[in-house]
Structure formats: structure tokens, C-alpha cells
Amino acid sequence: MLQSRLLIPTLRDDPGEAEIVSHRLMLRAGMIRKVAAGIYIYLPLGLRVIRKVEQIIRRELNNSGAQELLMPIASPAELWQETGRWDFYGKELFRLKDRHERDFCLGPTHEEVITDLVRREVRSYRQLPANFYQIQTKFRDEIRPRFGLMRGREFIMKDAYSFDADEAGAMESYRKMYDAYMAIFMRCGLNFRAVEADTGLIGGTSSHEFMVLADTGEEGIAVCDACNYAANVERAELKELPLDMHAISPQEKRLVPTPGQKTVEEVTQFLGVEPSQLLKTLVYRADGKPVAVVLRGDHAVNEIKLKKLLGAAELVMADAATVEKLTGAPVGFAGPIGLSEVSIVADFTVKQVRDGVVGGNAADRHWMNVTPGRDFVPDRYADLRNTVSGDACPRCSQPLRIVRGIEVGHVFMLGTKYSEKMRATYLDQQGRDKFIVMGCYGIGVGRSAAAAVEQNHDAKGIQWPAPIAPFHVHILALADKSGKVAAAAADLERQLEEAGIEVLLDDRDERPGVKFNDADLIGIPYQIVIGEKGLTLGQVELKERRTSIVTKLA
RNA sequence: CGGGGCGUAGCGCAGACCGGUAGCGCACUCGCUUGGGGUGCGAGUGGUCGUGGGUUCAAAUCCCGCCGCCCCGACCA
């Protein structure tokens, strides 16, 4: 392929819009261009990388017995209303109306559409198991798209759905996909880790996320070095710790003035206590009903856990007016003592606190020397927070370490959640109607490519892992007065291509420095430099991009 | 959705405070030059200054609205 015939608009300067490495380098290397926030064009070079990732996925999934199909991007609201997700998905669902004012959406995922297909076409246990996948553009109106291909509103995703006769079969399908994912990300040259993920509101028995380890990752992962446990910090389960009875304090609670001190930071500094001694009280509305959540000042509420605990479809922070009405105090002074109108849930760690500080439910007042269980009794204690460094591993109780990762894949046991709602059944051997047991499996194709850049680059540019590089070899034809260089380059290109090697030939009339720099930026694994000097010696040079090792070839 | 920032040529930016009709570097075109890590010289092309309105003799510049983009936050108790 001649570089002069390909649109590869490399940039010398970093575009101002790009913050992280992968976004910056993919823009600079002329692989992507932005059309709107979170919506990109894949230029020829970028598309080749995307296609490489897709081919790896196809090969591994076909190997594992999955079959490729292609579903529509637009789907009617009725399907989504059947499962309740038309409302549940909220603003993230791109919605549109057709000319008859009928509601449609652009698919963020396709459980409804595939389940609709399967319930109509699959009737017998003989047709199971089945696993369908597609590679397709997805739409999610993200609250905050960012980082180029990392979090787009329109993005390419591989989604797969397995259908089995029973739980055991579904687990087997799940395991196969898990193995396929391991192989896929391995072949993409990624340093990744499969981590346990919570099954969340969707229910089911298993879920794993595939995380590429990178400091720029948006997800926190809790890992245990002792037992190899790894889980998303949002989802890592935290156990209740045994109560230390000796720690009970005889001190009576007392109300102290804290004028204008609202935040955890302000109050703890003002009173001279540690944030872990402060019990903050947050008021949420769960499906409209207010609920007070109590947890330590140094901990963060995990809204997924909270939502799950309350069984709520919608969970939002209560507004200031609601907080004032319920607590009788301005925002910043809410506390669990004397709160009667709302149910109170507290994190497990709250139970451990002795002589804590809580809001006074009165302006400019906090209680000190508060002991949970004595001075207030929550309706229940539960695991309500994100894991932090040092928390006990749920498996072996050793301290957890927090690292960052990019979620490139997710596998999920769905059970019968969708098949029940959509009445997807089959007849078993005894002729009985049974619900099909499902699993779903996603891979972010563009995100995987971006993650690869995050892990494979240097100061000069990208260092593509060979399996997903846009080309295998980049031939740089340098200055050519005699005409011999061009001829030699064309000849070499032909030979390599005949051998099945993908070649990009830089035939542009550019200075050597420009070519070297562009080649390093684009990051094709091998560069072959052909120049007049070398040719007179009967030599060309082969440089490995990653190591910069140069070999002279006769 | 809240906060901050930005929007001037394809890219990176100056000009704005102090109003007088737009400039620099790179890129692009042509010529010469150079030819192994972003050559040098010369001549050019390219801009409704995001958009709508207002103030003014005059607006990129001052005022108001809107749109777009980026970053942070959405943990405030």
C-alpha cells in the first residue's frame, strides 16, 4: 500500500483537545478525527486497527462455537418496554421517533432484540445451546464522553448472547466465552486481568470484567496479592468485621456548636477528629422515597450497592429542600440521631465507630461522642461503600491493593432475567415449557485499540503490538536521485506482500526526518529503510519500532 | 446537571485589557535548494474571527443571548 495514496494526516503538534496518551497519539497519527463529542471518524489507518481487533475476536469466537449475525441499530420501543429498560435506561438511551411518531432507540446493547429473535425461532432443547454475536456500532448518550475512543457516545462493540437449556449449560457457555476472551486479549497484546464483578441489579450468578492495567483507567480494581482475588472496587464485597466489645465508650454524647462547618474536612478540622471518626449522613431518594445513609467520613458511598440493597430502580441524592425538611437543618448538618421520618441504613464500618461525630439536625450543631447502637439504631447495617486500599480481602482477609484499569470486556451470566420477561421458552425432552438461560458478553473494540496504545507507546509515538498493527512493515524509501531506491522499494513491497505481509510504503517526496518521525508516530512494528547509501552497499536496514534495534540486511 | 476554561486559516497560537476592519509558526501550492532524524530561500493559497443580537461613525476586541468543545466535579451532609 502506497502511503501517498492513503489519507494519513499526521500532526506535528498535540491537538489541544486530547488529554490522555492514546487519544493524543491516535489523533496525531492520523487514525481518528472527531465529529462531535464522543463521536469519531476512523481514518484508513485507524480502521485497519479496528478491523484487526475484530478479526481476532471473530476467530476466537467462531472457534468457541459462537455464530455471527447482525442486528439492526434501531429498534422499536415496545421491545424495551417489555423488559422495563425503556424507562430504566434513562437518558443514556438515544431515542428517536419515526414519521408516524413511533418511538425507537439506537441500540446501546441488544438483549431485547436477540431474545425476541430467539423466542420466535427457538422452540426445542435440540436447538440449544446457541451463542450469537455481532460486531456493531452502539450508541450510549454518555453523561460525559471523554478520552477519544475510550468513552464514546457512538462506539464499536462486539456483543454476544448465549442461550442454554439450564444453569449448568449456561455456566459452560460462560466458561467458554471467558476462555475466548482470555485468548482475544492475549492476542491483542494487552496486559490485562480478569476481575470479579458484581452481578448488580441484573441478578444471576457470575460476572467478570476484563481490565487492561493502566494508570489512566477509569475503573479502580481491588487486588489481593495473597490469594489472587481481583474485583472492581465498586463491586468488591466487603464483609462485616467482628465487633470489639472492649471498645465501647462510657462517654455521653453531647451537642457542640460547629458554626458554618459543613463538609467532612471542615468539621473534622474544627473538632480535631479524624475523618474516620465522623459519620456522615447522606440523604437519597430511592424511587422517590427518602432514605438516610450513614457511613464514615473517609469512605465513599457505592450507589450500586445501595441501589441493590434498597431494591430501587432510581436513586438520586435528595435536593437541599428535602434535606432541610427531613432534618430540620440546612444541608451539612444532617445526622442519624432523632431522624424518625426516614429509614436509616449504615455501612458495616459504622458499627465499629466509638465516640464518633454526627450532624446535629440543627444549624451549626454536631453531636460528639456518639456510639452507634446506643445513640442511634440504623434500620440495618450493610456493605454500602467502595473498597479502599487496605480493606480486608473477602476471600482471605489480607489487605487489598487498588490499581487502575480500563474495562475492555465484560462477561455476564444473565440467568432467566430476560427470558422470563420476554417469555423466551423452549420445550425440554419431557415436552415441558422452560425458560432459556442466558448469558451476555461484550468487548469494546475501539476501547481495546485505545487501551493497546495506552500500554504500548514511547515519547515518539505508538508501538503497536503486531497482531493489531495497521500494517506489519513500514518501508521508508528515502531520497532517490538515481531512481534505484523507488524501484528497490517497490520490488521489496511486492515480495513481502506476496509472502502475506502487510506493507505500507512511504513513497512520499519528503525529507528523511519527516519519514522517520511519521513512522515512529504511526508505530508499525517493523521499519525497513531503503536509501541510496545502503543500496550501493547492497543493504537495507530493518528497525524494530519497539526496541529500535537496527539490523542490516543484504 | 454544577464549576472552570476555550472557540481567530487544516494544526498550534498571538491580537482583546486600551474598538480603527487580522497576524505568527507549522501545514498546503509553485520555483529553486537540500537529501539518513521535522533543510534553506523566495513567491503564493487559505479566515462569515463559533453564532444571533446590542452599543458605536467603526466590533475579533465592549455588552447580552445561544451553540459547540475540553477539563474537573457530580461525595454535599
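Numbers restart at 1 for each chain; the letters A, B, ... are given by sequence-line order, proteins then strands. Since we're looking at a predicted model, the values are computed, not measured.
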If the threshold is 4.0 Å, N to carboxylate O, is there a salt bridge linking [X] and [Y]?
{"X": "A:Asp507", "Y": "A:Arg5", "result": "no"}
{"X": "A:Glu154", "Y": "A:Lys138", "result": "no"}
{"X": "A:Lys239", "Y": "A:Asp391", "result": "no"}

### Query
salt bridge (charged side-chain N to carboxylate O under 4.0 Å, His left out) with A:Lys91: which residues, sequence neighbours excluded?
none
### Task
Map A:Glu17 and A:Glu532 onto RNA chain B by nearest heavy atom, then report which one ends up closer to the 5' terminus.
A:Glu532
### Query
A:Arg146 or A:Leu295: which one's nearest nucleotide on RNA chain B is closer to the 5' end?
A:Arg146
What is the nucleic acid contact for [X], judged by heavy atoms within less than 4.0 Å: base, sugar-phosphate only, or nothing?
{"X": "A:Gly335", "value": "nothing"}
{"X": "A:Thr263", "value": "sugar-phosphate"}
{"X": "A:Ala479", "value": "base"}
{"X": "A:Gly531", "value": "base"}
{"X": "A:Arg385", "value": "nothing"}
{"X": "A:Ile143", "value": "base"}
{"X": "A:Val529", "value": "base"}
{"X": "A:Glu303", "value": "sugar-phosphate"}
{"X": "A:Asp298", "value": "nothing"}
{"X": "A:Lys460", "value": "base"}

### Side chain proximity check, A:Tyr89 to A:Thr109, heavy atoms < 4.5 angstrom
yes
### Query
Do the non-hydrogen side-chain atoms of A:Ile221 and A:Leu213 ever get within less than 4.5 Å of each other?
yes
Whole-Å [atom1] distance, [N] and [M]:
{"N": "B:rC26", "M": "B:rU45", "atom1": "C1'", "answer": "15 Å"}
{"N": "B:rG2", "M": "B:rU48", "atom1": "C1'", "answer": "34 Å"}
{"N": "B:rG65", "M": "B:rG23", "atom1": "P", "answer": "32 Å"}
{"N": "B:rC57", "M": "B:rG52", "atom1": "P", "answer": "23 Å"}
{"N": "B:rU61", "M": "B:rG50", "atom1": "C1'", "answer": "16 Å"}
{"N": "B:rA22", "M": "B:rC13", "atom1": "C1'", "answer": "14 Å"}
{"N": "B:rG25", "M": "B:rG46", "atom1": "C1'", "answer": "16 Å"}
{"N": "B:rU8", "M": "B:rC70", "atom1": "P", "answer": "14 Å"}

### Query
Taking the side chain from A:Asn361 and the backbone from A:Gly335, do they hold a donor-acceptor pair closer than 3.5 Å?
yes
#### Entry: Backbone of A:Val514 reached by a side-chain donor or acceptor of A:Asn517 within 3.5 Å
no
### Task
Would you mind listing every ring pair (Phe, Tyr, Trp, His ring centres under 6.0 Å) that reaches into residues 319-361 of chain A, with sequence neighbours excluded?
A:Phe333-A:His366
### Message
If I take atom CD from residue A:Glu510 and atom CG from residue A:Leu478, how far apart are they, to the nearest 0.5 angstrom?
### Response
12.0 Å
Could you go through nucleotides 31-33 of chain B and list every protein N or O atom that sits under 3.5 Å from one of its N or O atoms, giving the distance for each pair?
none

### Query
Got a donor-acceptor pair under 3.5 Å from the side chain of A:Lys280 to the base of B:rC75?
yes
Tell which nucleotide pairs with [N], taking only Watson-Crick or G-U wobble pairs whose two distances are both under 3.5 angstrom.
{"N": "B:rG37", "value": "none"}
{"N": "B:rG23", "value": "B:rC13"}
{"N": "B:rC66", "value": "B:rG50"}

### Query
Heavy-atom contacts under 4.0 Å between residues 29-36 of chain A and RNA chain B, which residues?
A:Lys34, A:Ala36
### Summary
Ordered by number, residues from residues 511-521 of chain A within less than 4.0 Å of RNA chain B (heavy atoms) are A:Arg511, A:Pro512, A:Gly513, A:Val514, A:Phe516, A:Asn517, A:Asp518, A:Asp520
Restricting to nitrogen or oxygen on both sides, can you table the protein-nucleotides 22-29 of chain B pairs closer than 3.5 Å?
from	atom 1	to	atom 2	distance (Å)
B:rA27	OP1	A:Arg12	NH2	3.2

